[in-house]
Amino acid sequence: MTVADIADVHEIERASFPVPWPAYAFRQELEMNRLARYLLVKAGGETVAYGGIWLMVDEAHVTTFAVLPSWRRQGIGGFLLREMLRVAHDVGASVATLEVRLSNEAARGLYARFGFRPVGIRPRYYSDNGEDALIMTTDRLDSREMQDRLRVLASHYGSLPSAQDLERDQDPAEPAL
Ligand SMILES: CC(C)(COP(=O)(O)OP(=O)(O)OC[C@H]1O[C@@H](n2cnc3c(N)ncnc32)[C@H](O)[C@@H]1OP(=O)(O)O)[C@@H](O)C(=O)NCCC(=O)NCCS
């Protein structure tokens with residue numbers, strides 16, 4: 001992701017979260033936060049997904065992650081998460097961790113597929129409705145189990161259709177908040 005992508009990314013952010021980050025937060029992340037890595041997915045010319053991690057000591061923390069509503073359920077989120085974990089592993093992170101709303105079944109399903117396990121709760125973490133956050137963490141990224149899992153997922157998501165074959169949903173699902 002570069003500064004030139006922020007307007008598109010912010011549009012996805014606003015369509016995906018009840019309390020979106022302001023656009024300047026993305027600029028700060030890209031320009032000033034040396035711990036941050038942000039990736040995005042384009043289909044044709046359109047930005048359809050983005051995600052970020054902070055590399056804190058040996059831990060990769062997923063800060064934000066979303067797919068444009070009309071492009072969901074086509075494997076894009078899995079493809080991007082696979083790439084985010086690859087980057088995390090490449091720069092030396094031992095584990096990946098994140099917070100997710102308890103009610104966010106779509107994201108929790110995806111994270112479970114990637115080996116994230118619930119390890120705790122942050123009570124009333126989300127300011128808009130006081131919902132609890134579930135803390136999820138992977139096993140060590142260099143463990144045999146995790147590497148095997150990521151290899152299988154890479155071959156699954158490696159076969160992501162080309163941009164021409166991906167289709168914008170005609171009846172987009174409500175964003176999963
Ligand atoms: C979570 C999110 C990124 C998933 O993106 P996506 O491109 O739809 O994900 P994929 O198509 O790769 O789905 C992979 C798996 O995740 C799970 N999943 C995704 N959407 C789901 C849904 N609506 N309900 C249940 N499971 C779901 C499934 O296991 C799915 O595999 P399947 O399609 O073979 O059943 C997307 O729903 C999103 O942007 N949500 C709003 C923002 C958000 O909640 N971000 C996470 C914050 S912690």
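Heavy atoms only: backbone and side chains are in, while hydrogens, waters and symmetry mates are out. Both ligands and their constituent atoms are indexed starting at 1 by order of listing.
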Determine yes or no for a side-chain-to-main-chain donor-acceptor pair under 3.5 angstrom, with R122 supplying the side chain and D132 the backbone. no

Kindly say whether A93 contributes a backbone atom to a donor-acceptor pair with the side chain of E59 at under 3.5 angstrom?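 Checking the backbone N and O of A93 against the side chain of E59, no donor-acceptor pair under 3.5 Å is found.
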
Structural part of [X] in contact with ligand 1, heavy atom criterion under 4.0 angstrom:
X	result
Y50	neither
N104	side chain
Y157	side chain

Quick one: which ligand 1 atoms are inside 4.0 Å of a heavy atom on [X]?
X	value
A66	39 (O), 42 (C)
L110	4 (C), 14 (C), 15 (C), 16 (O), 17 (C)
I76	7 (O), 12 (O)
G75	10 (P), 11 (O), 12 (O)

Check whether any side-chain heavy atom of M136 sits under 4.5 Å from a side-chain heavy atom of T97, and report yes or no. no

Contact check, side chains of H89 and M84, non-hydrogen atoms, under 4.5 Å: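 H89 does not reach M84 side chain to side chain.
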
Would you give the length of the straight line joining atom [atom1] of [X] to atom [atom2] of [Y], rounded to the nearest 0.5 angstrom?
X	Y	atom1	atom2	value
L85	M146	CG	CE	5.5 Å
T2	F26	OG1	CZ	13.0 Å
Q28	M32	CD	CE	5.5 Å

Contacts of type side-chain hydrogen bond (donor to acceptor under 3.5 Å, both in side chains), residue Y38, not counting sequence neighbours: E29, T63

Using distance alone, determine whether [X] and ligand 1 share an N or O pair under 3.5 Å.
X	answer
F17	no
R113	yes
F65	yes

Which of the listed options, R73, Q74, R72, E99, holds the heavy atom that is closest to atom 37 (O) of ligand 1? R72

For atom 12 (O) of ligand 1, the option (of A133, A107, G78, P69) bearing the nearest heavy atom: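 Looking at heavy atoms only, the winner is G78.
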
Of all pairs that satisfy salt bridge (charged side-chain N to carboxylate O under 4.0 Å, His left out), the ones with a partner from residues 139-151, not counting sequence neighbours: R117-D139, R140-D142, D148-R151

Could a heavy atom of F79 be found less than 4.0 Å from some atom of ligand 1? no

